[in-house]
Amino acid sequence: MRTRLLPALTTFASVLTVLTVLTLPAPGTPGVLVAQQASAGPVAVGAAIPSPASVIGFEPGTDRKLPQWTQIVTYFHALEKASPRIQVHTLGKTTLGRPFLAAFIGDSATIANLSHYHDLQRLLADPRLTTDGQAAQLQADGKLVVLVTSSIHSTEVGGILTPLVLARKLVSGEDEATRAIRRNTIVILVPSLNPDGVDIVGDWYRSSMGTSWEGTGPPTLYHYYTGHDNNRDWYAFTQVETQMVVDSLYNQWHPQIVNDIHQQGSSGTRIFIPPYMDPIEPNIDPILIAGVAQMGKAMTWRMTADGFTGIANNTSYDAWTPARAFQHYHGAIRILTETASAALASPITVAFDSLRPGYNVDPKKTGVDFLTTWPGGRWTIGDIVRYQTAASMALLTQAATDRSEWLRSYSQVEHNATMGNRAPGRTDWPATIVIPAQPARDTAINAALRILQRGQVDIRRASSAFSADGRQYPAGSYVIYTAQPYAAFAKTLLEAQHYPNLREYPGGPPKRPYDVTAHTLPLLYGFDVSFVHDSVTVASTALAPVRAIPWVAAGLTNNKARRIAMFQNWSPAMDEGWTRWVFDQYHIPYTMITAKDIRAGNLKARFDAIILPDQNARQIASGPRGAYPDSLKGGLGGANGDGAKQLAAFVNAGGTLVAFNQASEYAIDALALPVKNVLAGLKPTDFYAPGSLFRVDFNRSNKLAAGMTSGMTSPVSAVWFEGSPAFEVTDTARATVVARYPAQGDPLLSGWLLGAEHVAGKAALVDVKQGKGRVVLFGFRPQYRAQSMSTYPLIWNALR
Ligand SMILES: [Zn+2]
């Protein structure tokens with residue numbers, strides 16, 4: 001088992017490939033569906049298939065070794081040069097300018113005819129374009145397209161190496177399983193979804209060799225704007241990496257299966273493979289969830305037979321948010337694997353007794369979701385690469401075995417989608433979704449329409465006024481009929497979420513979701529929407545691709561005279577990155593300042609406003625914890641710390657301090673503000689809201705609330721509540737409440753909330769006068785993952 005996936009068969013492989021040439025039929029003619037009959041493609045002529053070690057200088061999985069991105073690019077181009085079974089495409093440039101790669105792998109006859117298979121996939125994806133008979137023929141003739149994506153999270157460093165091993169094996173392996181994969185599938189391998197991070201983490205790691213901080217994460221975000229949140233962008237599509245993958249791979253190649261390679265912590269199971277645990281987002285076609293379970297169990301079966309231990313199913317990872325699962329709304333199954341981590345590429349030892357349980361699974365006990373225990377001991381980058389490669393090969397082998405069945409089930413998902421509310425289990429679906437024309441909300445609607453179009457939703461625009469379900473809609477309203485292939489994507493993003501009230505055990509604490517619980521664009525962006533039961537006939541035209549309306553914040557966009565600083569902690573905060581992204585889109589100048597800059601003082605001479613992005617108070621006070629270079633150590637200090645004193649001096653001298661979400665708790669404490677967080681100390685059984693949208697009412701006489709709608713009018717005013725404080729003001733002469741949760745009724749608009757009474761009537765946004773300056777305390781995330789656009793104006797008002 002240990003050597004099974006290592007490339008030990010090179011010499012045999014070259015002998016076998018020569019034999020293959022002699023027995024092969026001619027490659028298929030473009031436009032003719034013959035490739036299915038072809039077995040292994042013609043072989044590489046001339047160059048031998050290069051090993052990863054020959055390019056990167058070491059065997060992938062060697063302790064304490066990571067490659068640079070340029071070496072990975074070089075390796076893929078070397079493979080392409082050596083073999084007609086692989087074609088490497090550069091999709092564009094990353095955020096920081098690196099080339100972004102996708103490698104297409106299959107039989108050489110397939111690779112030579114990619115445009116033909118591209119056409120087949122387009123027809124398979126949209127049942128409106130074919131008859132039943134044609135669809136059956138497509139299922140018989142088509143290849144299964146499997147997208148393998150790796151290393152979106154750059155500290156999960158096995159994912160940087162595994163694609164090299166996989167690519168080499170898929171291109172050169174001559175065992176029957178690998179030949180079947182090439183014969184039946186087109187593998188699209190994205191060696192990294194975040195190439196910038198390969199170097200951000202790799203450079204940091206190499207510089208840390210032999211120090212006490214070897215194996216720690218870098219002190220900056222490993223995606224320039226989003227850090228670890230880069231895989232929470234699969235519906236907002238804010239980042240260029242997400243856009244390239246959706247535009248050039250998903251929307252062009254309509255993969256049926258996606259294998260996304262990740263790593264989890266060190267102290268649990270050795271690998272997670274689906275099925276996912278509950279909850280499953282209810283708009284996902286049940287065929288896909290059954291497909292996920294079938295594939296996950298087949299992978300578990302194959303790996304168990306090959307001697308791998310510590311494999312967990314049905315734990316930790318749910319299928320609730322579309323932010324991580326574009327596939328589930330576009331006909332594909334998403335297979336997430338999460339292999340246990342080492343200390344980046346440095347080995348660790350994990351004692352069996354130290355293994356910790358997760359939901360449904362205890363790594364010290366076997367059960368239906370955990371069939372064999374791992375005995376504990378040394379855990380290395382080599383183990384990670386071995387598990388990830390085996391899991392990927394198990395997936396691909398299973399895919400190749402069931403090619404036509406996967407294609408048939410894919411077609412059925414898309415067929416069901418085109419039946420709308422007449423599809424099995426969907427009788428309560430709306431037939432039509434209408435976004436009424438709302439001129440005052442044009443920018444928000446524009447952004448939402450662009451998301452829906454990128455998700456391939458067909459939208460129509462009403463050419464005259466109409467009525468439906470007793471409501472009048474003006475000409476120019478947008479109409480989405482739900483009988484179309486990707487209607488579930490639109491419905492999921494436009495409706496409110498009702499997250500199930502899951503408990504760890506009956507009467508016990510809430511069962512923590514894997515991610516947040518709400519994703520309702522009309523509430524996040526601030527526009528109105530309605531769901532119409534019947535299919536209404538509307539005079540309308542298909543909406544052409546909409547262009548972005550440029551974002552402008554009056555008085556701030558391109559205004560260098562307004563001196564804004566943003567705190568960058570060496571214990572990096574994703575919210576800081578998202579804040580920078582939003583500011584960059586609005587072209588608002590800012591300066592990044594570190595804890596050292598703040599501790600050095602003289603802040604008022606340099607800045608008019610300082611932003612503390614969302615981060616917990618302890619991290620802001622202490623900076624990075626554990627072993628780090630002295631130059632990076634230290635935060636702002638607690639209430640009497642040097643940083644806190646300098647911030648107080650800045651505000652007293654007339655500066656504006658703006659704190660987002662949990663950073664408000666730091667500001668209250670550090671500046672001794674007359675405000676308290678009423679939620680401090682409450683247990684999750686009393687109060688819980690892990691990422692939800694709440695209704696607020698604005699005090700519209702306060703200029704911070706200028707331009708905001710009031711709570712009860714349309715669109716409803718909503719704020720993003722996630723681990724947030726809720727405030728009570730203890731000195732009304734100094735502190736003014738600008739937004740408040742309703743005193744009566746449930747503030748929850750979308751997501752999950754336990755203990756609504758604890759926030760009833762409490763403040764969500766407070767403006768505090770202090771000396772000559774002020775502190776603006778946000779009790780929510782006003783630019784949550786660059787999505788809560790309806791609350792951006794509050795930030796601009798605070799900074800003007
Ligand atoms: Zn990950």
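Side chains are part of it too, since the values below use all heavy atoms of this structure and drop only hydrogens, waters and symmetry mates. We count ligands from 1, going down the list as the structure has it; atoms in each ligand are counted the same way.
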**Request:** Give every protein N, O or S atom lying under 2.8 Å from the Zn ion (ligand 1), naming each by residue and atom.
**Result:** His153 ND1, Glu156 OE1, Glu156 OE2, His262 ND1
Identify all side-chain donor-acceptor contacts of residues 265-277 below 3.5 Å with residues at least two apart in sequence or on another chain.
| residue | atom | partner | partner atom | Å |
| --- | --- | --- | --- | --- |
| Ser266 | OG | Ser341 | O | 3.0 |
| Ser267 | OG | Arg356 | NH2 | 3.2 |
| Thr269 | OG1 | Gln264 | NE2 | 3.1 |
| Arg270 | NH2 | Ser266 | O | 2.6 |
| Arg270 | NH2 | Gly268 | O | 3.0 |
| Tyr276 | OH | Arg334 | O | 2.6 |
| Tyr276 | OH | Leu336 | N | 3.3 |

**Request:** Give a yes or no on whether a salt bridge exists between Glu504 and Arg512, defined as a side-chain N under 4.0 angstrom from a carboxylate O.
**Result:** no
**Prompt:** Under 6.0 Å between ring centres, would you say that holds for Phe100 and Trp69?
**Reply:** no
**Message:** Restricting to side chain to side chain donor-acceptor pair (under 3.5 Å), what partner residues turn up for Gln252, sequence neighbours left out?
**Reply:** His118
**Message:** I want to know whether His254 and Tyr250 have ring centres closer than 6.0 Å.
**Reply:** no
**Request:** List in chain and number order the residues that pass side chain to side chain donor-acceptor pair (under 3.5 Å) with His328, two or more places apart in sequence or in another chain; answer none if no residue qualifies.
**Result:** none
